[in-house]
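Here is how names work: the chains are called A, B, and so on, in the same order as the sequence lines, proteins then strands, and each is numbered from 1.
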Amino acid sequence: MQELLLLSSKAVGWLVALLIIVILVEVGLIVWLILRRRAQRNAKSAASVIGKWDLSAGDEGFDVEKVQRRERTKTVIKDIFVYVFLTACAVLAFLPFYWMIMSSFKNEDEYRQSVPTFWPTQGFMWRNYSSVLAQADSNGASFWQILINTLVVGILSTSIGVIITVVTAYALARMDFKGKNALFAIMLATMMIPGELYTISNYLTVLKLNWENTFTVMIIPFLVSVYYIYLLRNNFMQIPNSLYQAAKVDGLSDFGYLIKVMVPLTAPTLISITLLKFIGTWNSYIWPRLVNTTNWQMITNWVTRGFSDKVEPYLYPAGSQWYKGESLNTLKMAAVCMVSMPLFVLFIFCRKYIMRGVSKSGTKG
Amino acid sequence: MANKKDVGPSTPKRHNRFVRYWINLGARIKGWFVDKWTAIKDFFGGFRNRNPKQVEADLVLNDGPQLTRGEKFRRGMKAQSGWLFVAPALILMLVFTFWPILAAFINAFKQNYNSLSGTYEGIGFENFVRVIRGDTGTGGASFNQCLVNTLLFTIISVPLSTLLALIISVALNSIKALQKAYQTILFLPYLTNSLAMGAVFATFFTIIGTEKNIETVGLVNNVLQGLGLAPVEWIKASSPVWNLGAIKIPWAKYIVVIVYEVWSGLPFKILILFSAMQSINKQYYDAAKVDGASRNTILWRITAPMVSPQISYLLVTGIMGGMKQYTAIVGIFGEQMGTNYDMGTVVGYIYRYVDNGQYGYAFAGSILLFLIIMVITWINNKVTKKHTTYR
């Protein structure tokens with residue numbers, strides 16, 4: 001049985017190797033085809049310059065059906081080629097996720113086998129998850145504490161940030177005031193400067209304000225994001241001016257116009273911004289690590305911890321080498337799964353908005 | 001003179017210059033107050049007693065003699081009320097963006113800067129010199145090692161993933177069935193947490209459990225063995241290294257990082273290139289077909305030039321992002337960034353300065369990073385400008 005398992009695992013390993021080879025070969029083929037075509041074209045043009053056209057080749061009549069059949073065969077071959085290539089890429093793109101999920105269900109012994117199995121053959125270890133959930137670090141920060149931190153910070157900073165973004169973008173798009181263009185240019189210029197430059201100064205500011213280990217320190221410094229203001233401003237600019245005049249005639253104030261007309265019209269962009277801002281909080285690592293101690297940190301910081309079998313309920317019997325031992329990779333994979341899953345759920349439900357927002361703003365929150 | 005004499009008799013009493021001055025001054029002061037009082041009354045009264053017809057006429061004429069002073073002032077303030085809307089963002093940016101940038105440029109030149117007391121010993125380029133020479137007492141790999149690491153990761157992985165993304169999006173653009181499904185799956189790696197996925201990639205490459213009498217080689221090494229090659233130590237301290245004087249190149253670790261970077265960089269690039277290809281006007285293709293252009297000609301004469309602005313954009317943003325790489329390395333190699341920080345990046349090194357309280361070096365390092373990014377972006381712009389077609 002074990003032999004069979006090993007064999008099947010090897011087979012899957014071969015499959016992965018095959019996929020990589022397929023991709024390499026296809027890329028090579030494409031490059032070769034292009035080069036050959038170029039060479040042919042060059043030769044042809046050279047020939048035409050010299051005047052050595054060989055007309056006799058095309059003299060044997062023009063069979064429409066034959067040409068059509070050849071075209072169809074060509075298309076089918078090309079389609080097969082393209083689909084194989086895309087499938088190979090998709091499989092390789094998805095492989096890490098599959099590996100992550102399967103590893104989180106494995107027994108540590110099985111995980112460390114010399115030839116890894118592609119399916120938890122020794123039963124699904126759902127208890128990996130309960131063990132991870134039960135863990136707390138030396139400061140008493142459990143998963144739930146960290147999750148609450150992340151959610152509170154995420155919701156507050158996203159909602160306040162979106163309000164500020166909307167108001168600022170509206171002023172920059174619709175209102176006239178002295179120095180508007182200069183202000184906008186300066187704001188855009190800050191996008192050029194790497195965040196590290198001001199993260200350190202901000203850290204010193206925050207130290208002076210005694211803001212360590214609060215939610216404030218996580219929320220306030222990152223409320224304004226110039227990318228989103230820019231994105232939303234451009235969206236506001238696209239709304240025709242006649243709508244504004246119509247609203248004015250109907251007696252709407254500037255603010256009423258913003259709330260009742262502009263926000264509904266740019267709802268897709270606003271949803272994208274909200275989602276990306278929240279994902280940004282969810283993935284934040286550097287800033288919380290810098291300013292907060294463990295029980296005030298965010299969920300990504302929590303993942304970088306080591307997880308070992310040291311709390312009730314114990315996963316392995318007392319004699320096992322994993323019992324109260326080193327940190328276990330399966331537990332880490334379970335934690336990684338727990339952090340990644342909400343993002344996937346979000347992606348499944350809001351795919352359109354996330355993809356649109358990403359393609360427009362090009363940021364990760 | 002004659003005029004003065006004419007006026008003189010009409011006024012009953014003519015004071016001397018001194019008295020006249022004080023009387024005038026009193027009248028001027030009173031007049032100033034009366035004036036302001038009417039203006040204020042105007043301003044507040046205007047809200048209640050505004051004649052709608054008058055307002056309409058004002059709107060048409062915009063301004064003119066019929067406007068009271070209060071009204072004028074109100075109009076003036078209203079024209080600037082945009083500042084009220086941008087105020088929250090502006091104040092936050094002043095405190096957390098503009099001031100920090102200024103402070104970074106000032107503090108980078110202060111020698112032995114102490115952030116808490118604000119004391120320093122002289123101003124000069126010593127911080128920069130020490131950072132470049134690695135004379136900062138930080139321990140572990142030097143700043144230059146980290147710079148070489150970062151540059152090599154970026155220069156290898158960004159063009160590689162851009163080329164692959166171009167090929168994949170061309171393939172994606174040429175199919176009809178299942179297009180959305182493939183696009184979704186290929187976009188999936190974008191949404192991940194780089195620390196979490198770094199840990200997963202580490203498990204692909206790592207050799208685990210040799211110390212526990214179980215000989216394991218990891219997935220990638222299985223594939224290598226399947227191809228008849230010897231397994232390589234990818235992650236740990238004993239991984240193979242090229243020594244180039246002061247700089248070490250642990251190439252096996254580099255491969256891990258580059259594979260990760262290509263994998264995680266692809267989704268965004270595919271998304272941008274694919275949506276650019278979708279938005280190309282179909283008439284170009286029809287015209288090319290009528291002219292009997294082959295598929296390759298269409299690809300290299302229409303599609304590629306049309307997406308060239310996006311390619312240059314992706315190269316610029318990719319290089320900027322690559323130079324700031326940090327979290328993925330921590331995810332793969334742990335908080336120590338490899339063995340004794342030998343896989344460190346520039347940003348990682350800057351944060352190590354911060355952790356050690358060496359803020360002057362941290363500022364100097366981040367300004368160096370900024371300059372390097374500027375130079376690379378400038379070179380990139382120079383190069384791509386020649387080959388980019390803007391619509």
Side-chain angles (χ1 to χ4, degrees), chain A residues 10 13-14 16-17 27 30 34 37 82 85-86 89-90 93-94 96 99-100 103 112-116 164 167-168 170-171 175-178 180 183 190 193-194 196-198 200-204 221 223-224 283 285-286 290 300 303-304 321 329 332 336 339-340 343 347 351 355 358-359 362, chain B residues 79-80 82-83 85-86 88-89 92-93 96-97 100-101 103-104 115 167-168 171-172 174-175 182 184-189 191-193 195-197 199-201 203 208-209 212 214-217 219 222-223 226-227 268 271-272 275 296 317 324 327 347 350 354 359 362-363 366 369-370 373:
Chain A
K10 268 208 170 129
W14 271 99
V16 174
V27 169
I30 290 170
I34 291 160
R37 193 56 72 92
V82 165
F85 175 68
L86 281 178
C89 286
F94 193 71
W99 193 252
M100 170 182 89
S103 302
R112 301 203 182 203
Q113 273 175 9
S114 69
V115 179
I164 288 181
V167 170
T168 314
Y170 176 75
M175 301 175 97
D176 282 320
F177 50 93
K178 269 179 202 157
K180 181 177 86 167
L183 178 73
T190 59
I193 291 167
E196 287 67 39
L197 207 64
Y198 44 87
I200 304 161
S201 304
N202 281 347
Y203 175 56
L204 297 182
L223 280 180
V224 183
N283 284 341
Y285 166 76
I286 297 173
L290 208 58
T300 310
V303 168
T304 57
Q321 59 182 345
N329 289 305
K332 180 152 196 166
V336 165
V339 171
S340 305
L343 293 178
F347 182 62
R351 189 178 60 90
M355 283 169 84
V358 168
S359 68
Chain B
Q80 301 305 315
W83 283 105
F85 280 64
V86 292
L92 281 170
M93 281 189 86
F96 292 107
T97 309
I101 291 168
S115 73
I167 293 169
I168 290 175
L172 207 57
S174 71
I175 62 170
Y182 277 116
T184 308
I185 294 175
L186 288 168
F187 185 70
L188 212 52
L191 265 190
T192 50
N193 194 311
L195 277 157
M197 291 327 283
V200 177
F201 267 76
T203 69
I208 37 177
K212 298 282 177 191
I214 317 166
E215 198 192 325
T216 64
V217 290
L219 190 63
N222 279 338
V223 174
L227 297 172
F268 176 60
L271 183 68
I272 296 284
S275 51
N296 272 326
T317 52
K324 292 193 269 182
T327 48
V347 173
I350 290 168
V354 175
Y359 299 114
F363 286 125
S366 53
L369 174 67
F370 172 53
I373 290 177

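Atoms CD and CE, on Gln80(B) and Met175(A) in that order, are 10.0 Å from each other to the nearest 0.5 Å. From Leu191(B), atom CG reaches atom CG of Leu343(A) across 6.0 Å, with rounding to the nearest 0.5 Å. Note that CE of Met93(B) and OH of Tyr198(A) are 7.5 Å apart. Values are rounded to the nearest 0.5 Å. Atoms OH and CD1, from Tyr359(B) and Ile200(A) in turn, are 9.5 Å apart once rounded to the nearest 0.5 Å. Here the straight-line distance linking atom CZ of Phe363(B) with atom CG of Leu204(A) works out to 5.0 Å at 0.5 Å rounding.
Most heavy-atom pairs under 4.5 Å with chain B: of the set Lys332(A), Glu196(A), Lys180(A), this distinction falls to Glu196(A). In terms of heavy-atom pairs under 4.5 angstrom with chain A, the leader among Leu188(B), Leu369(B), Val347(B) is Leu188(B). Between chain B and the options Leu223(A), Asn202(A), Val303(A), the largest number of non-hydrogen pairs under 4.5 Å is found for Asn202(A). In terms of heavy-atom pairs under 4.5 angstrom with chain A, the leader among Ile350(B), Ile373(B), Leu92(B) is Leu92(B). The candidate from Tyr203(A), Tyr285(A), Phe94(A) with the greatest count of non-hydrogen atom pairs under 4.5 Å with chain B is Tyr285(A).
Contact of Phe85(A) with chain B is made through the side chain alone, with heavy-atom distances under 4.5 Å. Looking at Tyr182(B), the atoms closer than 4.5 Å to chain A (heavy atoms on both sides) all sit in the side chain, from C-beta outward. Residue Val339(A) touches chain B through its side chain alone, counting heavy-atom pairs closer than 4.5 Å. Interface residue Lys178(A): backbone and side-chain heavy atoms are both found under 4.5 Å from chain B. Both the backbone and the side chain of Thr300(A) come within contact range of chain B, with heavy atoms under 4.5 Å apart.
Taking both residues in full, the closest heavy atoms of Gly82(B) and Ala171(A) are given as O-CB, 3.8 Å, listed atom of the first, atom of the second, then distance. Across all their heavy atoms, Ala171(B) and Val82(A) have their closest contact at O-CG1, 3.5 Å. Between Leu271(B) and Met355(A), the shortest heavy-atom distance links the atoms CD2-O, 3.5 Å. In terms of heavy-atom proximity, Ala196(B) sits nearest to Ser340(A) at CB-OG, 4.2 Å. The two residues Pro100(B) and Ser201(A) have their closest heavy-atom pair at O-OG, 3.0 Å.
Side-chain contact between Leu86(A) and Leu172(B): present, with at least one pair of heavy atoms (C-beta onward) separated by less than 4.5 Å. Contact of the Thr327(B) side chain with the Ile286(A) side chain is registered, since non-hydrogen atoms from C-beta on lie closer than 4.5 Å. Cys89(A) has its side chain within reach of Leu186(B): a pair of non-hydrogen atoms, C-beta onward, lies under 4.5 Å apart. Within the 4.5 Å cutoff, no side-chain heavy atoms of Thr97(B) are placed close to those of Val224(A).
Of the possible polar contacts, none joining the Asn193(B) side chain to the Asn283(A) backbone as a donor-acceptor pair under 3.5 Å is found. For the pair Ser366(B) (side chain) and Leu197(A) (backbone), a donor-acceptor distance under 3.5 Å is absent.
Within the 6.0 Å centre-distance limit, the rings of Tyr170(A) and Phe85(B) are counted as a close aromatic pair.
Evaluation of the ring-ring contact (aromatic ring centres under 6.0 Å, His included) rule for Phe177(A) yields Trp83(B) as partners, not counting sequence neighbours. Here Lys324(B) pairs with nothing under the salt bridge (charged side-chain N to carboxylate O under 4.0 Å, His left out) rule; sequence neighbours left out.
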